[in-house]
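To keep things clear, I will list the structure first and then write my remarks on it.
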Number of protein chains: 2
Amino acid sequence: MEKRRITLKDIAMASQVSIATACDVLNNKPRTRVSETTRQRILETASRLGYQPHRGARSLRTNLHHLIAVSVLLAPEMPFSPFASELVSGAFKAAREEGWHITVSGYRDIQEELRQLEEIIAERSVDGVIIYEPVEDDPRISLLKGKMPFVLIGSYEKEEVYSVDLDNEGAAFMATQHLIALGHHHIALVSAPRHYLTCRSRQRGYRQALLQAGIPFDQSFVVEVEEYSSQAGAQALEILLQRNQPRPTAVVAMDDSLALGIIYKAHQHGLHVPDDLAVVGFNDARYTEYSEPSLTTVRVFAEAMARQATQMLIRLIRQEPVGARHIVMPAQMIIRRSCGSWKKGKSVFQNDAGSKGGY
Amino acid sequence: MEKRRITLKDIAMASQVSIATACDVLNNKPRTRVSETTRQRILETASRLGYQPHRGARSLRTNLHHLIAVSVLLAPEMPFSPFASELVSGAFKAAREEGWHITVSGYRDIQEELRQLEEIIAERSVDGVIIYEPVEDDPRISLLKGKMPFVLIGSYEKEEVYSVDLDNEGAAFMATQHLIALGHHHIALVSAPRHYLTCRSRQRGYRQALLQAGIPFDQSFVVEVEEYSSQAGAQALEILLQRNQPRPTAVVAMDDSLALGIIYKAHQHGLHVPDDLAVVGFNDARYTEYSEPSLTTVRVFAEAMARQATQMLIRLIRQEPVGARHIVMPAQMIIRRSCGSWKKGKSVFQNDAGSKGGY
DNA sequence: CTGAAAGCGCTTACAG
DNA sequence: CTGAAAGCGCTTACAG
């Protein structure tokens, strides 16, 4: 399995230049212009011999491992959510475009995850970290701050950090407005706990939409659940139905798995979705197209977000200029059947992707 | 962000031994016994100073990067399946236990994935590869064979390779037998294409169960779909219903997403699940507990499989004795409602996990 | 049995 | 402007 490795020295000899020159040319260093012919000769030799720099050697010199850790906290009963999965793909692709690798943790338990990160920091086996789904006073952030470059996917209030986030407020606004346009006045919101900052922004968007429509905000219509799962969604609807309010006629759920649980529980109560209860999810987990009824949801471009975050992080690590400190990405409504707009024939949004009958 | 790094030299000086001795002790090399006191002194100093070997330096010397690539091929419309996600977690954890990292690709397109692997092989930026879901004549295997150690998750017929696999035959046997025990005779199988080796084994298990029960095998009850998706599942049921056979009264689907599509389509045709059509899925994607009806499925211990594969691969890379070349892991039936056994009150299997009211 | 020294393949400060 | 040489932090073959 072992062929002798092609080294810089080989390239230098074969191109009749010094190792230093070969190194500079191959790394595109500014130095003096080597004559264009020499330059080409070196490049050509390298590609002919299939030269690949030795990552270990490079890393020993530069103290860069070209490795990024992606820290994703998983919901207790859920493996990588569709959202997190796209994040991983996006980060991998963006990393590879720069010749980097990613390593993906993915613990269910924050303590385990912290231990992991501590170890990684101590080892310095990684050059930077992407943190997904930060919570308030996220201990991962305190751990990393000042020790290692990192970029958040999500947003953070306490400190100035680099981040790529969804326009959560706008997205929730859009979802709520859609239901309002369908004539709903009693619109519930099922959200993760408020220490998830994402959810805080989304709650703002929800309130904005109500405000704009002149619908009074009613705190009891907001249920916060401990995790994103169908089970939690089912429980949330139970709570909403047991309260003495006028029953909600519509729900916005902050994740598709919550929405599925809500629909499940609605059916158990003999409520028809969408006639008795309109439901809108979040994140566009693909399988929700085939739930009964198919789920209207807010699609989030997770892969694109991860790409941005990865590129940003690599620039940070290289100490190159980074550009914007925060990037905010838009979302898109996917109209299917659980919101009932297909019955009323009206929607404030175009139904792009949803209408293609697939994707 | 930069403190001076603690090196072996620091440890050696502080412990008043040579660098070589420090190195040996810290790496647990057989060498002579250093006196136990010295040994302890070195260990203690290292931990006091927080010594962490420099991965780059080590890699330059040993030509090992302590990095494994995990190659997962994604279904076109699906991000990491729950199964693949658990694989990733399992591989990560097992890798970290040895101080290694994993890098996760995850392309939808086999050509892209191959290009990726080729690049990784050329760079030698990775010490080995875990391949998930090999197909017949898998081009990834030809690519890696003889160039880099790899372990399959799944099985392979053409060549002797190292692998960790589910007992696919046994699992499908179990699922089919469960339906037979419920009185079904017309049991359909919705499978991925036969070039997925996993499915081939499962088809065998299905036939075995029929055979044992004296039910004739009918090829037209087997539908092969191109991908694991709800859409494909829905189409498969359409095909089964249009054929002129006695309509199947039960279906085993090789993936939960197929099963969901089947249930969806059954409802569209006015068929009640499980009364008119019993459905059993595969893989126990968590959300299927909340589908309507909740899905009876075969749980697969993906995380454990990935752990095994990772440990095996690391041993291969280190050229340590590996033990078994193939490891086969069992599956477990999770009985919920879509198979209808709760109505008939009989099942040949214990309902362990399914009865806990959770997962 | 133990330590000094070479060398892995790069990058870069320095000398010419 | 360009090349020779030092050195990053390890591991190991070799000398004592």
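Residue numbers start from 1 in every chain, and the chains themselves are labelled A, B, ... in the order their sequence lines are given, proteins ahead of strands.
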Inset, instruction - Can you sort out which residues in residues 49-58 of chain B have a heavy atom within less than 4.0 Å of DNA chain D? Ascending by number, please. - result: B:Tyr51, B:Gln52, B:Pro53, B:His54, B:Ala57, B:Arg58
Legend entry - Nearest-Å distance for atom pair CG/P, residues B:Leu8 and C:dA5: 17 Å
Legend entry - Of the listed nucleotides D:dT11, D:dA4, D:dT2, the one nearest the side chain of A:Thr21: D:dT2
Legend entry - Between P of D:dG7 and CZ of B:Arg61, the distance in whole Å: 19 Å
Legend entry - N/O donor-acceptor pair under 3.5 Å between B:Arg55 side chain and B:His65 backbone: yes
Inset, instruction - Flag the pair A:Arg96 and B:Glu112 as a salt bridge only when some basic side-chain nitrogen lies within less than 4.0 angstrom of an acidic carboxylate oxygen. - result: no
Inset, instruction - Check whether any side-chain nitrogen or oxygen of B:Thr62 sits under 4.0 Å from OP1 or OP2 of D:dT11, and answer yes or no. - result: no
Legend entry - Contact summary for B:Ile141 and B:Phe150, nearest pair of heavy atoms: CG2-CZ, 3.9 Å
Inset, instruction - Find the distance between CZ (A:Arg140) and CD (A:Glu133) and round it off to the nearest 0.5 Å. - result: 8.5 Å
Legend entry - Rounded distance (nearest 0.5 Å) linking atom SG of A:Cys23 with atom CD1 of A:Ile11: 11.5 Å
Legend entry - Between C:dT12 (C1') and A:Ile19 (CD1): distance, integer Å: 13 Å
Do any side-chain atoms of residues 306-316 of chain B form donor-acceptor pairs under 3.5 angstrom with protein atoms, and if so which ones, sequence neighbours left out?
residue  : atom : partner  : partner atom : Å
B:Arg307 : NH2  : B:Glu97  : OE1          : 3.2
B:Arg307 : NH2  : B:Glu97  : OE2          : 2.3
B:Thr310 : OG1  : B:Ala306 : O            : 2.7
B:Arg315 : NH1  : B:Val322 : O            : 3.4

Inset, instruction - Between D:dG7 and C:dG16, how far apart are the P atoms? Round to whole Å, please. - result: 16 Å
Legend entry - D:dT11 OP1/OP2 closer than 4.0 Å to side-chain N/O of B:Asn27: yes
Inset, instruction - Provide, to the nearest angstrom, the distance between the CD1 atom belonging to B:Ile42 and the P atom belonging to C:dT2. - result: 10 Å
Legend entry - Between C:dT2 (P) and B:Gln16 (CD): distance, integer Å: 16 Å
Inset, instruction - Could you tell me the separation between the NZ atom of B:Lys9 and the P atom of D:dG7, rounded to a whole number of Å? - result: 10 Å
Inset, instruction - Take the protein atom CZ of B:Arg124 and the nucleotide atom P of C:dC8, then report the distance between them rounded to whole Å. - result: 15 Å
Legend entry - Between D:dC8 (P) and B:Ile6 (CD1): distance, integer Å: 15 Å
Legend entry - Check: B:Ile153 main-chain N/O paired with B:Ser163 side-chain donor or acceptor under 3.5 Å: no
Legend entry - Candidates D:dG3, C:dT11, C:dA4 - which lies nearest the side chain of A:Ala20: D:dG3
Inset, instruction - Look at the aromatic rings of B:His66 and B:Trp100 and report parallel, tilted or perpendicular, splitting at 30° and 60°. - result: perpendicular
Inset, instruction - Examine C:dG3: is either OP1 or OP2 under 4.0 Å from a nitrogen or oxygen in the side chain of B:Ser18? Give yes or no. - result: yes
Legend entry - CD (A:Glu119) with more than 12 external heavy atoms under 6.0 Å: yes
Legend entry - All stems with DNA chain C, defined as three or more consecutive Watson-Crick or G-U pairs under 3.5 Å: C:1-3 with D:14-16, C:5-12 with D:5-12, C:14-16 with D:1-3
